[in-house]
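Residue numbers begin at 1 in each chain, while the letters A, B, ... track the order of the sequences. Side chains are part of it too, since the values below use all heavy atoms of this structure and drop only hydrogens, waters and symmetry mates.
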Amino acid sequence: MPELPEVETTRRSLEPGLVGRRVVGVTVRDRRLRWPIVPEFEARLTGATIATVGRRAKYLLVGTDHGIAMIHLGMSGSLLHVPADTPVVKHDHVDAVLDDGSILRFHDPRRFGSIHWIEGDPADHPLLAALAPEPSETEFDGAYLHRITRGRAVAIKHVLMNGQLVTGVGNIYASEALHLAGINPKIPARRLSMGRCERLVDAVKRTLARAIAAGGSSLRDYVDGAGNRGHFQTESAVYGRDGEACLRCGGTIRLVRQGQRSTYYCPGCQK
DNA sequence: AGCTCACCCTGCGAGC
DNA sequence: TGCTCGCAGGGTGAGC
């Protein structure tokens, strides 16, 4: 499940094959996603020509001359561009058939993903309007992180995973970035100095960039738009490595629960 | 406002 | 073999 690197990898893999294609037919097999797919979705998308394949946080934005399909992959979703007549398997919920016969197919076993149809500025959509700046933007810097953490008693890891404060960072990359920055995931956000905020922002940017370069992480079922797996999971410093030795200090990596999520960190070098 | 928790859903591996 | 349990990459909304 996709964090920003997986969504961005999907976007990049889909873009060349989709831009310029016209949608000639849409089939929805199951509307029951995180939010139900609106009844008019098929009619709006049919006949539209795809102009852009964008991304905002973990949302994919397929822009057309009729409107924008805003797609979230949730925990288990994938968006695949497959050849004509590719057999439909369980959990293939939506197909958009394109004018060359190929199919843009949404697959999501857990149905935590979503598909919205937007007409107008996507930035005004309620789900996007309150999102924090992209990690790659210059606005996301140490001063920003320092400012938004003042007065917050929650653990710094929770801040990284809160989309209103930081976008694109999920459970894997929060652990990874905190390890790279040498910061204990459990410390209250407000206790971070400006210097540590700068280090953490730098670590987030570098972690996400490295993961994108690796094609994302494929822990179980993530694949990009062409069906390829990522390999960042083989480079992870702490995620999924509890009980193993820290590559930096030799300490033992620990697994703890924060909220309902697993956090991996090294008590030896994350203070 | 900030924070914690329950919950949405399916599949898989571990343990009995 | 079959069961039950816990866990999985996300995010919202209720209730304090």
Using a strict cut-off of less than 4.0 Å between a Lys/Arg side-chain nitrogen and an Asp/Glu carboxylate oxygen, indicate whether Asp100(A) and Arg21(A) qualify as a salt bridge.
->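 Salt bridge flag = yes for Arg21(A) with Asp100(A).
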
Using 4.0 Å as the upper bound for N to carboxylate O, is an ion pair formed by Arg31(A) and Glu42(A)?
->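 Looking at Arg31(A) together with Glu42(A), the answer is yes, because their closest N to O distance falls below 4.0 Å.
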
Describe the nucleic acid contact of [X] in one word from base, sugar-phosphate, nothing, applying a heavy-atom distance below 4.0 Å.
X	value
Ser114(A)	nothing
Arg34(A)	base
His72(A)	sugar-phosphate
Tyr239(A)	sugar-phosphate
Arg190(A)	nothing

Without decimals, in angstroms, what is the distance between [X] [atom1] and [N] [atom2]?
X	N	atom1	atom2	answer
Tyr59(A)	dG11(C)	OH	C1'	7 Å
Arg150(A)	dA1(B)	CZ	P	20 Å
Arg220(A)	dG13(B)	CZ	P	9 Å
His107(A)	dC9(B)	NE2	P	17 Å
Gln164(A)	dG10(C)	CD	C1'	13 Å
Met161(A)	dG11(C)	CE	P	8 Å

Short side-chain N/O contact from Lys90(A) to OP1 or OP2 of dG11(B), under 4.0 Å =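 For dG11(B), OP1/OP2 do have a side-chain N/O of Lys90(A) under 4.0 Å.
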
Starting at the 5' end of DNA chain B and moving along, which residue's nearest nucleotide shows up first, Ala153(A) or Arg111(A)?
->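 So the residue in question is Ala153(A).
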
Polar side chain donor-acceptor pair, Thr263(A) to Gln258(A), under 3.5 angstrom |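 There is such a pair between these side chains.
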
Please check if any side-chain donor atom of Tyr265(A) sits under 3.5 Å from a side-chain acceptor atom of Lys186(A), or the reverse.
->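 Side chains of Tyr265(A) and Lys186(A): pair found under 3.5 Å.
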
Pairwise P distance for dC7(B) and dC5(C), with rounding to whole Å =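 Pairwise P distance, dC7(B) against dC5(C), rounds to 16 Å.
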
Quick one: sort the His93(A) and Phe106(A) rings into parallel, tilted or perpendicular, breaks at 30° and 60°.
->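 Plane angle between 30° and 60°, so tilted.
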
Phe112(A) on top of dG11(C)'s base, within under 5.5 Å and under 30°?
->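 Ring-base stacking flag not set for Phe112(A) and dG11(C).
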
Do Arg110(A) and dC9(B) have a side chain to base donor-acceptor pair shorter than 3.5 Å?
->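 By the distance-only test, yes, there is a pair.
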
Taking side chain as C-beta onward, heavy atoms only, is Phe232(A) less than 4.5 Å from Pro5(A)?
->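 No, every pair of side-chain atoms sits at 4.5 Å or beyond.
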
Heavy atoms, side chains only, cut-off 4.5 Å: are Asn162(A) and His158(A) in contact?
->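 Sidechains of His158(A) and Asn162(A): no contact.
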
Runs of at least three Watson-Crick or G-U pairs with DNA chain C, cut-off 3.5 Å =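 Result, WC/G-U stems under 3.5 Å: B:2-8 with C:10-16, B:10-16 with C:2-8.
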
